[in-house]
Amino acid sequence: MKKLNGFLILIGALSIAVLALVIYSTGVFGNRENPEPSATPTAEVTNPRDKYVDYYEADPDATKEIAVIHVMEDFLDYENSDQIYTYGYQKAVREKINALVSSKRYTENEPLVIRNPFGTNSQSLYVYFETDEPCAVSYNVHVSDLDSYADDFGGNVVASKRHVNYEDGCEEDINTSLVHEFSVCGIQPRMDNMITFKLVDQYGRIRVKRFYYNFEQGLVNGAEAVLSKKRETKTIIVDEKTLETATVNASEKELTDGLYCIFREENGYTPYMLVYDNDGYMRMEVPLVKSVARATYVKDGELYLFVSDTKFVKINSLGEVKKIYKTDEFVFGRDFCVDDDGNVVVIASKAGSSTAEDVVCIIDFEKDSVYQLFDMGDFLPGLKKKKNSRDWLRLSSIAYTGDHMVVLAAEETNTLIKMRRIYNGPKLMWLAGDNEYFEDLPSLKRMFLMNEGDFVFPSSLTEMDYEEYDKIRESRAYYWALDQNLDYEYEKKEEPFGYYTRLLADDEERTLRSIDERVVINGLTAKSKFVYADDNRILVRGNDSKFCEMDSDFNIICTFTFTPPVVEKTIDQLEYEEDNPPPDDTVNYVGITKIDPVSYLFTKEIIVYIDGEKIVTPGEGKNIE
């Protein structure tokens, strides 16, 4: 019996040792000093050990803590992108989030995390938590298995606002650093994203929380998550005697900080605005209903975007659609500009009209409405009657020049048109360019600026933009006109090219001069707008799936290329497609602009608020152990 008892005691001791080893290895009593890396972490975790990895070394002094975070997927179903951009859908999402927030207290250790609840960016995570003490928050997205040296994505989060009702009946939204509600953007699909939250309190003390997320589904639209990036070079002669050459950068300038917003269309599929960083990594994927005005801009921390030809929306940094301007009277066109008050002035067509893109409308944020400013048919009635077609004018580009004036590019007639007093009794100021369509319209021909010098006006005018001359001679202005040179007969070995012509117009002298002309390599479906600082230009070459950024002299700094995977087909499949052609799934890149992420998603400063008061901008103080 004693031998049996001894044997049982030995078995029990071994069992306890094994149990202790299991508990230690699974980390129940805390993180190990050297945790094992995870091969493929996922959003659904059953064993905390699956999340253990080598700690991220970007902030080596920070608290080394990795949490197991549950990410809610498929938050609220929607049928299509049109449903996303409705008040009903956005309200339902907000009510569901508010119900979750009311049901329990979410903390920095157990935050509420939802993938893309508002439907406007599949590469985002909505985050909500509260802290006991006021803290500023920043986040960082790091992907260790990227196959290039892409920078991490992130920044300082804009402080949340708390709505306060006072006893005297007044209401106010005040900044708070106790409640933290923000969106983590830049999640890379099918990769292990290490997401770091840094919390800084009012004394400058730092604590860090980290977790992993793997976006298994990939991108919704099938576009490339990573583009190939090429720094353009040129060959120069360094020694005139020996004709020795050297390869140098085509431009000495660097890319401007920001995010490229590319508008993508594919026959039969939902169009998207794809947002890439300067390394060519997609950081946002925004669905559209229809790609029309192919640009976007940011104002007061909100993204302004045409999502269809009848809807214009404002999206906050959470991805929540805060305002929808919908019209049944007009159909928005291809281009817009912003006036001195921040209102959107857009080319449009009257709904049900027999003519297109010959009206200019305004989306008035103060009046909270969409209405017509003027109809070009009222100012060019002779031309409209003479042409007698749907595209009799075809306005393709618009620029606001200040003092209630705009300049328009008319693609069908290759003319520039300047209008003044656009808000109160609009007047035709002048016409410029090709006047062959106006030969038998003397009253309109007299409105043309006189060309000085021998120059040819663009023959296929598609894009135009305005540049201030100086603040003293307000009557003068530069206009960059893009001639895509569609008539150019080039050999297959050559690339098609276009011209940017810099024109100087004088309103008082009523003259037009050609100041400069630059050749640019472009695609036949190119779209270009001068939208960014430091005089850099960006151009999308839609027919060969490329876009580039150029300096002020039109030297290409970098080129980014979309390279879809090659699909290998069997002989049987190829033979079948000869008799049964598949649907046209051609992808077109039809627009581009560039935005500053700091003005939309982040703030430059690290600020802590207490009851709405900015009390301190803490430095990188001592970490909390």
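Computation of the quantities below employed the complete heavy-atom set of this structure, encompassing side-chain atoms and omitting hydrogens, waters and symmetry-equivalent molecules.
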For the residue pair [X] and [Y], confirm or rule out a side-chain donor-acceptor distance under 3.5 Å.
X: Asn193; Y: Gln188; result: no
X: Tyr400; Y: Asp340; result: yes
X: Asn214; Y: Asp192; result: yes
X: Asp364; Y: Tyr371; result: yes
X: Thr256; Y: Glu549; result: yes
X: Thr176; Y: Lys161; result: no

Notebook entry, point to check: Phe263 and Tyr272: ring pair (Phe, Tyr, Trp, His ring centres under 6.0 Å), yes or no, with the steps?
Noted result: CA-CA 6 Å; Phe263 289 77; Tyr272 280 83; over 10 Å; no
In the structure I gave you, are the side-chain heavy atoms of [X] and [Y] within less than 4.5 Å of one another anywhere?
X: Lys96; Y: Phe75; result: yes
X: Pro111; Y: Phe211; result: no
X: Val127; Y: Leu112; result: no
X: Lys604; Y: Asn156; result: no
X: Ile324; Y: Val321; result: yes
X: Thr563; Y: Lys546; result: no
X: Val208; Y: Thr196; result: yes
X: Tyr297; Y: Thr593; result: no

Using side-chain hydrogen bond (donor to acceptor under 3.5 Å, both in side chains) as the criterion, list what pairs up with [X], not counting sequence neighbours.
X: Glu265; answer: none
X: Glu172; answer: Tyr166
X: Lys322; answer: none
X: Lys323; answer: Asp368

Can you sort out the partners of [X] under ring-ring contact (aromatic ring centres under 6.0 Å, His included), two or more places apart, ordered by chain and number?
X: Phe547; answer: Tyr260, Phe560
X: Tyr139; answer: Phe602
X: Phe306; answer: Phe312, Phe332, Phe336
X: Tyr78; answer: Tyr89

Check: Who pairs with Ser308 by side-chain contact (heavy atoms from CB on, under 4.5 Å), at least two apart in sequence or on another chain?
Finding: Val289, Lys290, Thr310, Lys311
Next item on the list: Decide side chain to side chain donor-acceptor pair (under 3.5 Å) for Lys209 and Asn109; before the verdict, give the C-alpha distance in whole Å, the side-chain angles of both, and the deciding distance to 0.1 Å.
Entry: CA-CA 7 Å; Lys209 306 294 178 182; Asn109 293 320; 2.9 Å; yes
Next item on the list: Give, for atom CD of Glu285 and atom CZ of Arg264, the distance between the pair rounded to the nearest 0.5 Å.
Entry: 9.0 Å
Item checked: Spacing of CD1 belonging to Ile398 relative to CD1 belonging to Ile347, to within rounding of 0.5 Å -> 5.5 Å
Which pair of heavy atoms, one from [X] and one from [Y], lies closest together, and at what distance?
X: Val200; Y: Val608; result: O-CG2, 3.7 Å
X: Asp77; Y: Gln83; result: O-NE2, 4.2 Å
X: Ala225; Y: Pro189; result: CB-CG, 3.7 Å
X: Ser317; Y: Ser183; result: O-CB, 3.4 Å
X: Asn343; Y: Ile363; result: CB-O, 3.6 Å
X: Pro117; Y: Val93; result: O-CG2, 3.5 Å

Could [X] and [Y] be called an ion pair, given the rule that one side-chain N must be under 4.0 Å from one carboxylate O?
X: Lys614; Y: Glu605; result: yes
X: Arg105; Y: Glu110; result: no
X: Glu320; Y: Arg94; result: yes
X: Arg231; Y: Glu254; result: yes

Using modelled atom types and a 3.5 Å cut-off, is there a donor and acceptor pairing between side-chain atoms of [X] and backbone atoms of [Y]?
X: Asp277; Y: Asp279; result: yes
X: Arg115; Y: Ser122; result: yes
X: Thr120; Y: Val286; result: no
X: Asn98; Y: Val101; result: no
X: Arg283; Y: Gly186; result: yes
X: Gln123; Y: Ile187; result: yes
X: Asp201; Y: Cys135; result: no
X: Ser599; Y: Asp596; result: yes

Next item on the list: Could you please spell out the steps behind the ring pair (Phe, Tyr, Trp, His ring centres under 6.0 Å) verdict for Tyr276 and Phe562?
Entry: CA-CA 11 Å; Tyr276 291 90; Phe562 295 86; 5.7 Å; yes
Margin query: Suppose the criterion is ring pair (Phe, Tyr, Trp, His ring centres under 6.0 Å): which pairs have a residue in residues 107-138, not counting sequence neighbours?
Written below: Phe129-His180
Next item on the list: Mind checking salt bridge (Lys or Arg N to Asp or Glu O under 4.0 Å) for Lys367 and listing every partner two or more places apart, or none if nothing turns up?
Entry: none
Margin query: Going by the rule salt bridge (Lys or Arg N to Asp or Glu O under 4.0 Å), which residues pair with Glu366 if we only count those two or more places apart in sequence or in a different chain?
Written below: none
Margin query: Quick one, Arg210 with Asn140, criterion side-chain contact (heavy atoms from CB on, under 4.5 Å). Give me CA distance, side-chain angles, the key distance, then yes/no.
Written below: CA-CA 9 Å; Arg210 293 192 175 101; Asn140 182 81; over 6 Å; no
Next item on the list: Establish, yes or no, whether the cationic atom of Lys104 lies under 6.0 Å from the six-membered ring centre of Tyr106 and within 45° of the ring axis.
Entry: yes
Margin query: I'd like to know whether NZ of Lys230 has more than 12 heavy-atom contacts from other residues, nucleotides or ligands below 6.0 angstrom.
Written below: no
Next item on the list: May I ask you to check whether over 12 heavy atoms, not counting those of Glu79, lie within 6.0 Å of atom CD?
Entry: no
Checklist line | Working for side-chain contact (heavy atoms from CB on, under 4.5 Å), residues Glu181 and Leu318 | finding: CA-CA 8 Å; Glu181 185 184 34; Leu318 299 175; 3.7 Å; yes
